[in-house]
Amino acid sequence: MQQRVHGLRLADDYLAGGDLMRPALRELRRAVRLYREHSYADLTGRQLLVQIGELAQIAGWIASDAGQYAEAERIYRLGLSAATQAEDRTLAGNLAGSLAYQLSNTGRELEGLDLSRAALDGAGPDAPAKARALYSDRVAWAATKAGGTENAQAAMRALGEASEALAEDSEETEEPAYLYWVDAGELQVMESRVYTELRRPLRAVPLLREVLGKYDATHTRELALYLSWLAVAYADANEPEEAAAVAERVLSLSADVASERTAERVRVVLARLAEYADVPEVRAVLDSAA
């Protein structure tokens with residue numbers, strides 16, 4: 001079961017939610033049925049609960065990416081219940097933080113902020129360094145989406161805490177497999193996204209250019225998503241020609257990606273570019289999208 005869960009995570013690096021939702025839900029249902037319909041020793045039961053929690057996290061993420069938000073929330077809460085019952089605080093933090101991220105992105109910003117903070121606090125100071133870094137990053141994003149000067153300052157503090165936490169990581173540290181993707185580059189991406197949302201393009205653009213310059217081009221969805229923030233940051237910096245060039249790449253990359261997150265970012269980029277519709281390069285991109 002551990003191998004199948006991690007296989008789904010690795011598949012999610014290359015495939016979008018619309019492509020993976022059916023196999024992810026099939027695996028989750030199989031795991032829940034196994035837990036409910038069989039008997040086993042206490043240790044085995046706890047390990048099964050942990051795997052159900054990990055499956056629910058990636059299945060919820062996949063459902064959210066496919067735009068199935070109600071289903072994703074149901075799955076996340078199932079996983080949170082399993083992780084809590086298994087007394088795995090780090091995993092519970094990952095599930096709560098994943099749900100908080102969805103809430104922040106779907107119009108429930110204050111709920112997302114409260115839940116992201118609860119996820120970080122619940123994981124505790126003894127959680128692995130990468131976990132604390134990730135959960136602080138989610139607080140930063142939730143605070144940014146919640147808006148307001150006070151929350152913007154809170155977002156900056158959370159970004160700093162995420163960086164400090166990651167600095168404590170070492171090769172000797174034993175960490176759950178689901179944290180494999182958390183590294184300095186991912187923290188830079190979140191930092192640049194926060195700066196973009198806060199309309200600070202002079203900070204966002206260099207960070208995004210640095211990260212994207214070495215990003216794995218086979219991760220199509222993530223590449224399209226990160227480029228979408230670069231396009232918006234260029235527009236905010238009053239560089240419509242550069243924004244149009246990046247937006248053209250976003251449209252090309254996202255054309256065959258079955259991801260609602262990517263589709264929503266395309267809409268955001270086009271809406272931002274519409275403010276420069278009289279610029280020929282922008283006009284060409286808008287006409288192509290139409």
Side-chain angles (χ1 to χ4, degrees), residues 9-10 12-17 57-58 61 64-65 94 97-98 100-102 104-105 112 116 119-120 129-146 152 154-167 169 175 178-237 242-243 246-247 249-250 253-254 257 259-266 268-269 272:
R9 294 191 197 105
L10 297 178
D12 179 68
D13 288 339
Y14 300 94
L15 300 173
Q57 191 280 323
I58 186 59
W61 180 263
S64 187
D65 188 53
N94 194 26
S98 298
Y101 185 76
Q102 173 177 293
S104 294
N105 292 330
S116 67
L120 177 61
K130 282 187 176 181
R132 287 183 282 115
L134 174 59
Y135 305 165
S136 292
D137 249 13
R138 287 172 174 161
V139 171
W141 182 249
T144 301
K145 296 296 286 184
M156 294 296 102
R157 287 195 300 272
L159 287 174
E161 290 164 3
S163 181
E164 290 171 5
L166 190 64
D169 185 48
E175 294 171 330
Y178 53 78
L179 297 171
Y180 74 98
W181 60 278
V182 180
D183 58 22
E186 291 294 339
L187 262 60
Q188 277 187 304
V189 168
M190 180 58 79
E191 187 177 359
S192 61
R193 288 171 59 194
V194 167
Y195 287 141
T196 302
E197 292 288 319
L198 296 177
R199 294 292 183 94
R200 299 181 184 181
L202 295 183
R203 292 190 178 188
V205 169
L207 280 171
L208 281 165
R209 286 174 59 89
E210 180 182 349
V211 172
L212 290 167
K214 51 192 176 186
Y215 201 77
D216 187 344
T218 62
H219 294 195
T220 308
R221 179 189 56 201
E222 265 60 39
L223 186 58
L225 288 169
Y226 300 162
L227 282 167
S228 76
W229 269 283
L230 180 59
V232 171
Y234 272 133
D236 289 342
E242 292 290 343
V246 175
R249 286 192 66 194
V250 174
L253 287 167
S254 61
V257 176
S259 165
E260 177 57 27
R261 281 194 299 148
T262 307
E264 173 59 24
R265 288 303 303 170
V266 168
V268 169
V269 169
R272 189 70 184 87

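This structure is a prediction, so every number in the text was calculated from the model and none was measured.
- For Tyr234, the side-chain hydrogen bond (donor to acceptor under 3.5 Å, both in side chains) partners are Arg209, not counting sequence neighbours.
- Contacts of Tyr14 classified as side-chain contact (heavy atoms from CB on, under 4.5 Å), with partners at least two apart in sequence or in another chain: Asp216, Thr218, His219.
- In this structure, Glu197 CD and Ser192 OG are separated by 10.5 Å, a value rounded to the nearest 0.5 Å.
- In this structure, Gly17 and Asp65 approach most closely via the heavy-atom pair N-OD2, 2.7 Å.
- Taking Arg9 as the reference, Glu54 meet the salt bridge (charged side-chain N to carboxylate O under 4.0 Å, His left out) condition, with sequence neighbours excluded.
- For Ser98, the side-chain contact (heavy atoms from CB on, under 4.5 Å) criterion is met by Gln57, Tyr76, Asn94, Arg138, not counting sequence neighbours.
- Side chains of Ser64 and Gln102: a donor-acceptor N/O pair is present below 3.5 angstrom, by distance only.
- Judged as a side-chain hydrogen bond (donor to acceptor under 3.5 Å, both in side chains), and not counting sequence neighbours, Glu161 has no contacts.
- The shortest heavy-atom contact between Leu227 and Val246 is O-CG1, 3.2 Å.
- With sequence neighbours excluded, the residues forming a side-chain hydrogen bond (donor to acceptor under 3.5 Å, both in side chains) with Glu264 are Arg267, listed by chain and number.
- Within the model, atoms CD of Glu186 and CG of Asp137 stand 9.0 Å from one another, a figure rounded to the nearest 0.5 Å.
- Considering CE of Met190 and CG of Leu159, their distance stands at 8.0 Å, rounded to 0.5 Å.
- Salt bridge present: Arg261 and Glu222 bring a charged side-chain N and a carboxylate O closer than 4.0 Å.
- Checked against side-chain hydrogen bond (donor to acceptor under 3.5 Å, both in side chains), Arg203 has the following partners two or more places apart in sequence or in another chain: Tyr195.
- Arg157 pairs by the salt bridge (charged side-chain N to carboxylate O under 4.0 Å, His left out) definition with nothing, not counting sequence neighbours.
- Scanning for side-chain contact (heavy atoms from CB on, under 4.5 Å) contacts around Val257 gives Ala16, Thr220, Arg221, Ser259, Thr262, with sequence neighbours left out.
- Within the model, atoms OH of Tyr226 and CZ of Arg193 stand 7.0 Å from one another, a figure rounded to the nearest 0.5 Å.
- Applying the salt bridge (charged side-chain N to carboxylate O under 4.0 Å, His left out) rule to Glu242 yields no partners; only residues at least two apart in sequence or on another chain are considered.
- Ala237 is linked by a side-chain contact (heavy atoms from CB on, under 4.5 Å) to Pro201, Glu239, counting only residues two or more places apart in sequence or in another chain.
- Among residues two or more places apart in sequence or in another chain, the salt bridge (charged side-chain N to carboxylate O under 4.0 Å, His left out) test is passed with Arg132 by Glu168.
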